[in-house]
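Report on one structure; see the data block that follows.
The analysis underlying the following values was restricted to heavy atoms, covering all of them including side chains, and did not include hydrogens, waters or symmetry mates. Just follow the structure's listing: the first ligand is 1, and inside any ligand the first atom is 1.
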Amino acid sequence: MTDLQDLTALIRANTPLIVIETRDEGRVVELFRQALMHVWRALHRWSITEGLRRIDLDREDPAEIAPDASNTLQAIRNAEQRGIYLLLDFHPYLGYAGTQRQLREILQRRDCEPHVLVLVGHKVELPAELESLAVRYTPRLPDANALLKLVREEAENYAKEHGGRRVEADSEAVQQIVRNLRGLDPIDARRIARQLIFNDGALGPGDLPELAKLKFELLNRSGHLHYEYDTARMDDVAGASRFKRWVQQRRDVFVSGEAPVGLDPPKGVLLLGVQGCGKSMLAKAVAAGFGVPLVRLDFGTLYDKFHGETEKNLRDALSSAEQLEPCVLWIDEIEKGLASDGGDSDGGVSRRVLGYLLTWMAERKSRVFLVATANQIDALPPELLRKGRFDEIFFVDLPGAATREALFALHLRRRQLDPATFDLAGLSAASDGFSGAEIEQAIVAALYAAHAAKAPLNDFMLRAELKQTRPLSVLMAERVQGLREWAQGRTVPAD
Ligand SMILES: Nc1ncnc2c1ncn2[C@@H]1O[C@H](COP(=O)(O)OP(=O)(O)OP(=O)(O)O)[C@@H](O)[C@H]1O
């Protein structure tokens, strides 16, 4: 079914009151005009600036009466020929008892042929007694063909405004742009297409990150998602070789959206591990590895004191993420939003949040790859860890000797120092039990010491810093040990 078919059916059924919430009233008017080819009625349009005019297929008459709401309804009430009345932004006038009464009389008139009244506006709120008489219709979002047409029109507009200069378009990128515009209404889709074209007179793969950002800004109306502009590459992360391979193997299937027979499309992972060992970096690197945008959901900010609002916030956030597909959704510190006791302590909110999240994870069809990260296993509800919820649960442990060497090399290089001039094996041995974050901190502290001593950084200074540091694995030995023991056999080592 198309919008045209739906609206024609509503007119044929003599639906007395149709409510259409849209920002694209021009399209609605056009659709009703086209409907006249299938079901004949006199078509009228009203707005406070233009008054009531007849606008059938091939005519547009001037207004005959003053545009105020009461006059208009009186005229509609008295019109004998049955008609369709498109009332643009009329609903604010329905706040008056007199106007409501007039409208109800039109809807319920028995003495002559029934009219179809259509209230069109961005947001149409009705008094309860009128709401019960209304049918709400939501126009469909444009499909791929409509979006391609709209991109072409904007390319033509560009040519017109630039002395006939054609837009250089990479056809593969245009296809991708069209795919990414899905889920937007025609006005937003056109605005974004126009912006991408008018930026540089071209459409190419370089427009995709910009498109993702523009789309994100539009969709994240609830404000619970954060667009992560700062992504990491897999090469920026030391270790985690098994995890990197796992992601690499799934890249093509995720990006193309086409899983070969017998394979499920990749859906998500849980990264569980010791603090400061690179979970956040890995979450970012998945997005970079897949070449898709990364959005982060802060569970803590979803909670609202008003009944039902928390679940609504989660629903809105997940649906915004879905409209951004393909993307990676990163839920950081997932344990903070889900109580492990089943959530009875907060009136059942976290139990309902968990239930909604689990259902979404099981049923979603969109290409949203979920990366959840967590530090504390005892705070996680067991339902989340059950087999089949995530594709895999990875354990990001304290780095082993080889990974610690790689960490020193990586962070020294990042600070324009040549790793070959350091005893990496010795530094690795001296930093047993250190996390990646602690190794990085030791390098930074040693650099300050070198700066104060007006000397170049050397192994001795680094070792001195390591010696002074009591790593978390020592300070919280029991906790780290407990986590490692739990992870054995239940999770896959990331490295
Ligand atoms: N494997 C690693 N490779 C490179 N850098 C690392 C690695 N692990 C940690 N780091 C450094 O430590 C910093 C903190 O790491 P990150 O935030 O990714 O750890 P995390 O496991 O998410 O920690 P938390 O649980 O505290 O959020 C990173 O910005 C990075 O500079």
Is the distance between the ring centroids of Phe290 and Phe369 under 6.0 Å? yes
Which parts of the protein, at residue level, reach under 4.0 Å of ligand 1 through a heavy atom?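 Near ligand 1, by chain and number: Asp236, Val237, Ala238, Val274, Gln275, Gly276, Cys277, Gly278, Lys279, Ser280, Met281, Asn375, Leu407, His411, Arg414, Gly436, Ala437, Glu440.
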Is a side-chain donor or acceptor of Thr2 paired with a backbone partner of Gln5 at a separation under 3.5 angstrom?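 Checking the backbone N and O of Gln5 against the side chain of Thr2, a donor-acceptor pair under 3.5 Å is found.
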Got a sec: does the CZ of Arg414 have more than 12 other heavy atoms crowding it under 6.0 Å? yes
If you count the non-hydrogen atoms of other residues, nucleotides and ligands that lie under 6.0 Å from CD in Gln488, is the total more than 12?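 Open: at most 12 neighbouring heavy atoms sit under 6.0 Å from CD of Gln488.
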Axial cation check for Trp246 ring with Arg250, 6.0 Å and 45° limits: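 Positive - Arg250 is close enough to the ring of Trp246 and near enough to its axis.
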Please examine the side chains of Arg242 and Arg245, heavy atoms only from C-beta on, and report whether any two atoms are closer than 4.5 Å. yes
